[in-house]
Amino acid sequence: QVQLVESGGGLVQAGDSLRLSCAVSGRTLRTYTMGWFRQAPGKEREFVVAVTWSGDYTYYADSLKGRFTISRDNAKNTVLLQMNSLIPEDTAVYYCAASPRSFNLRDSRQYNYWGQGTQVTVSS
């Protein structure tokens, strides 16, 4: 079993930055693709970014590329999401997820494990 715990969310102003962290326990992070999703009030959960287990390949939602950056430290079982130039439309609950697969990573159904989410609120 894999447990994921997100942290780092909060209330910020437009233009600010935040770094979310996902701590993984229960199994080594090394073989899992890791992803971030988000869900805004009244909307469906949407893909943000994913990184393969080796870190060699990353996949970003087109609208977020350039502002968000994912990184992983397999030795520390941690995945980070750096978010810059935040806008109010980034307000959502952000979820960390783990998948044993390396394809169709924009599809939330590929992920077996999920964290509880961390709230990010961006004020204008």
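What you see is a predicted model, and the numbers here were worked out from it, not measured in a lab.
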Chemist: If Ile, Leu, Val, Met, Phe, Trp and Tyr residues are connected whenever their side-chain heavy atoms lie under 4.5 Å apart, and connections chain through other members, are Val79 and Leu81 in the same group?
Modeler: yes
Chemist: To the nearest 0.5 Å, what is the distance between CD on Gln39 and OG on Ser108?
Modeler: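 It comes to 9.5 Å.
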Chemist: Flag yes if Leu105 and Val51 sit in one hydrophobic cluster, no otherwise; membership is Ile, Leu, Val, Met, Phe, Trp, Tyr, and two members link when side-chain heavy atoms are under 4.5 Å apart.
Modeler: no
Chemist: In the structure I gave you, are the side-chain heavy atoms of Val2 and Leu4 within less than 4.5 Å of one another anywhere?
Modeler: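 Of all side-chain heavy-atom pairs linking Leu4 with Val2, at least one is under 4.5 Å.
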Chemist: Counting only N and O atoms by type, is there a donor-acceptor contact under 3.5 Å from the side chain of Asn104 to the main-chain atoms of Asp107?
Modeler: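 Answer holds: no.
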Chemist: Are Phe37 and Tyr57 grouped together when hydrophobic residues (ILVMFWY) are joined by side-chain heavy atoms under 4.5 angstrom apart?
Modeler: yes
Chemist: Does some side-chain heavy atom of Met83 sit less than 4.5 Å from a side-chain heavy atom of Val120?
Modeler: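 The answer is yes; the side chains approach within 4.5 Å.
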Chemist: A side-chain contact here means heavy atoms from C-beta on lying under 4.5 Å apart; do Leu64 and Arg38 qualify?
Modeler: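 A side-chain contact exists here, since the closest heavy-atom pair is under 4.5 Å.
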Chemist: Is a side-chain donor or acceptor of Thr91 paired with a backbone partner of Val122 at a separation under 3.5 angstrom?
Modeler: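 Here the side-chain-to-backbone pair exists.
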Chemist: Let me check something: any side-chain donor-acceptor pairs from residues 11-25 under 3.5 Å, sequence neighbours excluded? List them with distances.
Modeler:
{"residue": "Asp16", "atom": "OD2", "partner": "Gln13", "partner atom": "N", "Å": "3.1"}
{"residue": "Ser17", "atom": "OG", "partner": "Asn84", "partner atom": "OD1", "Å": "3.0"}
{"residue": "Ser25", "atom": "OG", "partner": "Gln3", "partner atom": "OE1", "Å": "3.4"}

Chemist: Report the residues that fulfil side-chain contact (heavy atoms from CB on, under 4.5 Å) with Ser102, sequence neighbours left out, ordered by chain and then residue number.
Modeler: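 Ser102: side-chain contact (heavy atoms from CB on, under 4.5 Å) contacts with Thr33.
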Chemist: In Å, rounded to the nearest 0.5 Å, how long is the span from CZ of Arg67 to CD of Gln82?
Modeler: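 Nearest 0.5 Å value for the CZ-CD distance: 12.0 Å.
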Chemist: What distance do Ile70 atom CD1 and Leu80 atom CG have between them, rounded to the nearest 0.5 Å?
Modeler: 9.0 Å
Chemist: Closest approach of Gln116 and Tyr95, non-hydrogen atoms and distance?
Modeler: O-CE2, 3.5 Å
Chemist: Hey, do the aromatic rings of Tyr59 and Phe47 have their centres closer than 6.0 Å?
Modeler: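 No; Phe47 has its ring centre 6.0 Å or more from that of Tyr59.
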Chemist: Which atoms form the tightest heavy-atom contact between Pro88 and Ser124, and what is the distance?
Modeler: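 In this case the closest contact between Pro88 and Ser124 is CG-CB, 3.8 Å.
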Chemist: Quick one: CZ on Arg106 to CG on Asp62, what's the gap to the nearest 0.5 Å?
Modeler: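 Interatomic distance, Arg106 CZ to Asp62 CG, rounded to 0.5 Å: 6.5 Å.
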Chemist: Quick check for you: to the nearest 0.5 Å, what is the distance between Ser71 atom OG and Met34 atom CE?
Modeler: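 Result: 11.5 Å between the selected atoms.
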Chemist: Hey, which of Tyr94, Trp114, Trp36 is the one that makes side-chain contact (heavy atoms from CB on, under 4.5 Å) with Glu6?
Modeler: Trp36
Chemist: A side-chain contact here means heavy atoms from C-beta on lying under 4.5 Å apart; do Leu86 and Phe68 qualify?
Modeler: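 When only atoms from C-beta onward are counted, Phe68 and Leu86 do touch, with a gap below 4.5 Å.
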Chemist: For the side-chain contact (heavy atoms from CB on, under 4.5 Å) test, which of Trp53, Tyr111, Tyr32 pairs with Ser99?
Modeler: Tyr111
Chemist: Measuring only between side-chain heavy atoms, which start at C-beta, is Asn112 closer than 4.5 Å to Arg101?
Modeler: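 When only atoms from C-beta onward are counted, Arg101 and Asn112 do touch, with a gap below 4.5 Å.
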